[in-house]
There are 2 protein chains.
Amino acid sequence: MTVSLQVMRAQQDGIFTDGCPSRVVLDHVTSKWGVLVLAALADGTLRWGELRREVDGISEKMLASTLKTFEADGLVQRTAYPEVPPRVDYRLTPRGRDLAEAMSPLMTWVAAHADAIVNG
Amino acid sequence: MTVSLQVMRAQQDGIFTDGCPSRVVLDHVTSKWGVLVLAALADGTLRWGELRREVDGISEKMLASTLKTFEADGLVQRTAYPEVPPRVDYRLTPRGRDLAEAMSPLMTWVAAHADAIVNG
DNA sequence: CTGAATCCCCGCGGATACTG
DNA sequence: CAGTATCCGCGGGGATTCAG
């Protein structure tokens with residue numbers, strides 16, 4: 001069953017209105033690289049370099065900014081090891097894993113139907 | 001169960017790589033206003049003016065461009081009635097409804113956890 | 001009422017170079 | 001290896017005007 005804006009608003013007043021918390025979070029998640037970074041981290045811990053390679057095409061700047069946003073949101077946990085050479089890894093928090101699960105149907109759907117949409 | 005990029009790539013080679021169809025479609029859907037427009041149309045037909053009010057904060061320019069993209073993608077169907085004053089309405093195609101269903105868990109999750117993320 | 005067209009600004013995001 | 005700093009272009013997005 002599909003949930004529409006109207007239905008959600010009947011349950012929760014003012015949800016997804018301009019500037020409200022749900023819009024802020026939605027913007028973070030649906031930011032240009034948001035879903036891809038979350039999906040990359042969905043089944044385990046990754047280092048910075050692995051993440052860069054996994055999320056094909058992302059720039060260092062956007063990876064850093066996306067990770068910072070998610071860290072501030074409590075969706076991603078960063079761990080730095082005091083080694084030389086430096087090693088840092090990223091993984092989803094429980095909340096992040098929960099979100100990734102909620103995103104899963106969308107990703108699966110897109111993967112399954114993208115060719116039909118783009119080609120025709 | 002959550003599906004990660006790695007898992008999807010094990011099933012479908014080169015999925016969600018730079019410039020591939022799945023990335024194009026994902027960009028359309030997760031565009032700034034994409035999910036909100038789709039969610040607004042999720043449980044029925046809406047006229048242009050209703051859509052504008054429903055998707056709080058969207059400009060006419062972005063509404064038009066978002067709708068055109070989705071129409072070209074076969075996700076939204078536009079119907080114009082030859083009346084005065086003019087009346088146009090938009091509704092999801094079967095494919096669009098399918099997508100809206102896949103987005104539903106994400107929207108629900110965001111609605112439920114946004115406050116905790118922004119405040120807490 | 002439903003747009004299309006135009007102008008314009010601002011900031012997202014890419015490219016590159018540099019650092020601990 | 002894991003970032004930060006800087007520059008800059010382009011397109012998102014607002015405001016306004018016009019049309020059918």
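Every chain is numbered from 1, with letters handed out A, B, ... down the list of sequences.
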Side chains of residues 105-120 of chain A: which donor-acceptor partners sit under 3.5 Å, not counting sequence neighbours?
residue: A:T108; atom: OG1; partner: A:S104; partner atom: O; Å: 2.9
residue: A:W109; atom: NE1; partner: A:H113; partner atom: ND1; Å: 3.4
residue: A:W109; atom: NE1; partner: B:D98; partner atom: OD2; Å: 2.8
residue: A:H113; atom: ND1; partner: A:W109; partner atom: O; Å: 2.9
residue: A:N119; atom: ND2; partner: A:D115; partner atom: O; Å: 3.1

(message) Please give me every residue in residues 58-79 of chain B whose heavy atoms get under 4.0 Å of an atom in DNA chain D, ordered by residue number.
(response)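 Only B:S59, B:K61, B:M62 qualify.
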
(request) Would you sort out whether A:D89 and A:E50 count as a side chain to side chain contact (heavy atoms under 4.5 Å, CB included), showing the intermediate values? (result) CA-CA 9 Å; A:D89 55 38; A:E50 294 172 324; over 6 Å; no

(message) So, OP1 or OP2 of C:dG14: does either fall under 4.0 Å of a side-chain N or O from A:W33?
(response)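 For A:W33, the contact criterion (side-chain N or O under 4.0 Å from OP1 or OP2 of C:dG14) is met.
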
In whole angstrom, what separates [X]'s [atom1] from [N]'s [atom2]?
| X | N | atom1 | atom2 | value |
| --- | --- | --- | --- | --- |
| B:R23 | C:dG13 | CZ | P | 13 Å |
| A:E54 | D:dA2 | CD | P | 14 Å |
| A:D18 | D:dG14 | CG | C1' | 13 Å |
| A:D27 | C:dC12 | CG | P | 11 Å |
| A:E50 | D:dG3 | CD | P | 12 Å |
| B:R87 | C:dG3 | CZ | P | 12 Å |

(request) Check every atom of C:dG14, C:dC1, D:dG3 against the side chain of B:P85 and return the nucleotide holding the closest atom. (result)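 The nucleotide sitting nearest to the side chain is C:dC1.
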
(message) Taking side chain to side chain contact (heavy atoms under 4.5 Å, CB included) as the criterion, tell me which of A:T45, A:L41, A:L46, A:V37 meets it with A:Y90.
(response)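 Per the side chain to side chain contact (heavy atoms under 4.5 Å, CB included) rule, the option paired with A:Y90 is A:L41, out of A:T45, A:L41, A:L46, A:V37.
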
(message) Quick check: do A:L92 and A:L75 have side-chain heavy atoms less than 4.5 Å from each other?
(response)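 A:L92 vs A:L75: side chains apart.
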
(message) What contact category does A:R47 fall into here, base, sugar-phosphate, or nothing, at under 4.0 angstrom with non-hydrogen atoms?
(response)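 Answer is sugar-phosphate: A:R47 comes under 4.0 Å of backbone atoms only.
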
(request) Indicate, with a heavy-atom threshold strictly under 4.0 Å, whether A:Y81 touches base, sugar-phosphate, or nothing. (result)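 Counting heavy atoms under 4.0 Å across all strands, no contact is made by A:Y81.
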
(request) Between B:R53 and A:G57, name the one whose nearest nucleotide on DNA chain C is closer to the 5' end. (result)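 Closest to the 5' end, via its nearest nucleotide, is B:R53.
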
(request) Using side-chain contact (heavy atoms from CB on, under 4.5 Å) as the criterion, list what pairs up with A:A42, not counting sequence neighbours. (result)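 If we apply the side-chain contact (heavy atoms from CB on, under 4.5 Å) test to A:A42, skipping adjacent residues, the hits are A:A100, B:T2, B:S4.
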
(message) Using the rule that Ile, Leu, Val, Met, Phe, Trp and Tyr join whenever any side-chain heavy atoms are under 4.5 Å apart, tell me whether B:M1 and B:V7 fall into a single cluster.
(response)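 Hydrophobic grouping puts B:M1 with B:V7.
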
(request) May I ask you to check whether over 12 heavy atoms, not counting those of B:R9, lie within 6.0 Å of atom CZ? (result)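 Atom CZ in B:R9 is packed in, count exceeds 12.
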
